[in-house]
Amino acid sequence: MTNAPKAGIVVVGSLNADLTIYCDRLPQPGETVHGNGFAVNPGGKSANQAVAASKLGGQVSLIGAVGDDPNGTMLLDSTASAGVDVSRVLRTDVATGVAVISVDSTGENSIIISAGANGTLRPAAVTPDAFKDAAVVCLCLEVGIDTVIAAAQAGHDAGATVLLNLSPYAEVPERLARLSDVLLVNAHEASFFLGTESRVPDPEAIAEAWEPVRSQFADRGLQRVLVTLGAHGSVVLDSLARGTEDQITRIAPTRVSAVDTTGAGDAFTGAVAARLAAGDSLADAASFASVAAALAATKKGTQAAYPSTADVEQLRD
Ligand code: ATP
């Protein structure tokens, strides 16, 4: 008897309450501007990615920490009601993490995060039994790097594909880079990772323009990299496929009228995780994720704006 392939997604990381003010334009340092709306919503990169993947059909389990407070309850309710298994989300006596977000009339945002309970998530929370059904492990840098490394190791040991979203940007220890099967970065994070002398190509550049960047990632030991370019789409850099035609794939953007791009990157990451767990190639997963993230940008907020598989397929037709 052959075993069915593993299909689970384990997301390890942050849950935050998003405190969002909408305004015409973002303030400059020292400036005060009038807002025109305020909302408190569930967020945090990992909670968002978990919800995005679950809404797109993934079997998702979330490992994280929230406070024993109303924001913590809101976050557990929102992730659980999206179908995410939250039995491994710890409740602590440290307040739930918070993100203070400003969104302007073009959908551009700026964000400050206070880690709160996320800072209490230790490597000990990452136990091997949590990974036994994992096909994909989804990580970001909103929790301590030791915990991220422990999760990457546990995912690697379980034979899962380790997907590291290098956000918010921080130096990546060599061990974490080696354990990451897929690195997912936006254009800023890609430039930071490669060093200030390296510039990612113009967003409209053809696939071949990415060859030097692909080589630089390959030289740093990365196997596969996905670079997101906001409204300009994304690029798949497949370092392992050296010499094949598919090593650089430009994913065209899905044209939408963006209202709020907050969490579009998380929708993209969650969608990639869901499609990789379902057996897609990285380029196919990115193509699907591009539509899912564009749809997420057409509505205010994050988790509530994330689409279902049916929504994505309708826009792809
Ligand atoms: P976030 O604002 O969530 O931090 P990010 O900087 O991590 O986002 P982006 O590169 O801005 O990530 O966006 C991720 C993906 O979302 C893009 O590759 C694209 O597929 C989609 N996307 C983002 N903004 C738009 C937009 N205005 N129109 C269409 N698609 C978009």
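Position 1 is the first residue of the sequence; numbering continues from there. All ligand and atom numbering here is 1-based and tracks the order in the structure.
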Check this for me, if you would: do [X] and [Y] make a salt bridge, where the nitrogen-to-carboxylate-oxygen distance has to be below 4.0 angstrom?
{"X": "R25", "Y": "E31", "answer": "yes"}
{"X": "D157", "Y": "K132", "answer": "no"}
{"X": "R214", "Y": "E211", "answer": "yes"}

Closest approach of any protein heavy atom to [atom], naming residue and atom:
{"atom": "atom 2 (O) of ligand 1", "answer": "T261 O, 3.4 Å"}
{"atom": "atom 1 (P) of ligand 1", "answer": "G265 N, 3.8 Å"}
{"atom": "atom 21 (C) of ligand 1", "answer": "A293 CB, 3.5 Å"}
{"atom": "atom 6 (O) of ligand 1", "answer": "N186 ND2, 2.9 Å"}
{"atom": "atom 17 (C) of ligand 1", "answer": "G230 O, 3.3 Å"}

Write down the atom of A289, the atom of V272, and the distance for their closest heavy-atom approach.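 Here A289 and V272 meet closest at CB-CG2, 3.6 Å.
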Of all the heavy-atom pairs spanning A117 and G67, show the shortest one and how long it is.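 That would be CB-N, 3.6 Å.
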When you check the side-chain N and O atoms of R275 and T309, is any donor under 3.5 Å from an acceptor?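 No, because no side-chain N or O of R275 sits under 3.5 Å from a partner of the opposite role on T309.
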Modelled atom types, side-chain donor and acceptor of N48 and Q303, under 3.5 Å: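 On atom types as modelled, these side chains qualify, holding a pair under 3.5 Å.
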Ligand 1 N/O within reach of [X] N/O, cut-off under 3.5 Å:
{"X": "G263", "result": "yes"}
{"X": "A289", "result": "no"}
{"X": "A264", "result": "yes"}
{"X": "A297", "result": "no"}
{"X": "F268", "result": "no"}
{"X": "D266", "result": "no"}
{"X": "T228", "result": "yes"}

For ligand 1, which atoms have a heavy atom of [X] less than 4.0 angstrom away?
{"X": "V256", "answer": "28 (N), 29 (C)"}
{"X": "A294", "answer": "29 (C), 30 (N)"}
{"X": "A258", "answer": "27 (N)"}
{"X": "N109", "answer": "2 (O)"}
{"X": "G233", "answer": "17 (C), 18 (O)"}

Proximity flag [X] to ligand 1, non-hydrogen atoms under 4.0 Å:
{"X": "S167", "value": "no"}
{"X": "I111", "value": "no"}
{"X": "P253", "value": "no"}

Mind checking the [atom1]-[atom2] spacing from [X] to [Y]? Nearest 0.5 Å is all I need.
{"X": "D18", "Y": "M74", "atom1": "CG", "atom2": "CE", "answer": "7.5 Å"}
{"X": "L141", "Y": "Y169", "atom1": "CG", "atom2": "OH", "answer": "9.5 Å"}
{"X": "C138", "Y": "N165", "atom1": "SG", "atom2": "CG", "answer": "7.0 Å"}
{"X": "L121", "Y": "E142", "atom1": "CG", "atom2": "CD", "answer": "12.0 Å"}
{"X": "I111", "Y": "I101", "atom1": "CD1", "atom2": "CD1", "answer": "4.5 Å"}

Kindly say whether G263 contributes a backbone atom to a donor-acceptor pair with the side chain of Y306 at under 3.5 angstrom?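 It does hold such a pair.
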Identified side chain to side chain contact (heavy atoms under 4.5 Å, CB included) counterpart of L75 within the set L62, N16, T96, V89: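 Result: among L62, N16, T96, V89, T96 is the only option passing the side chain to side chain contact (heavy atoms under 4.5 Å, CB included) with L75.
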Where's the contact between T254 and ligand 1, heavy-atom distance under 4.0 Å: side chain, backbone, both or neither?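 T254 to ligand 1: backbone contact only, side chain stays beyond 4.0 Å.
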Please work out, at 4.0 Å between heavy atoms, whether the side chain, the backbone, both, or neither of L229 comes within that distance of ligand 1.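 Backbone only.
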Is_contact(atom 4 (O) of ligand 1), protein non-hydrogen, under 4.0 Å: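 No; the ligand atom in question lacks any protein heavy-atom contact below 4.0 Å.
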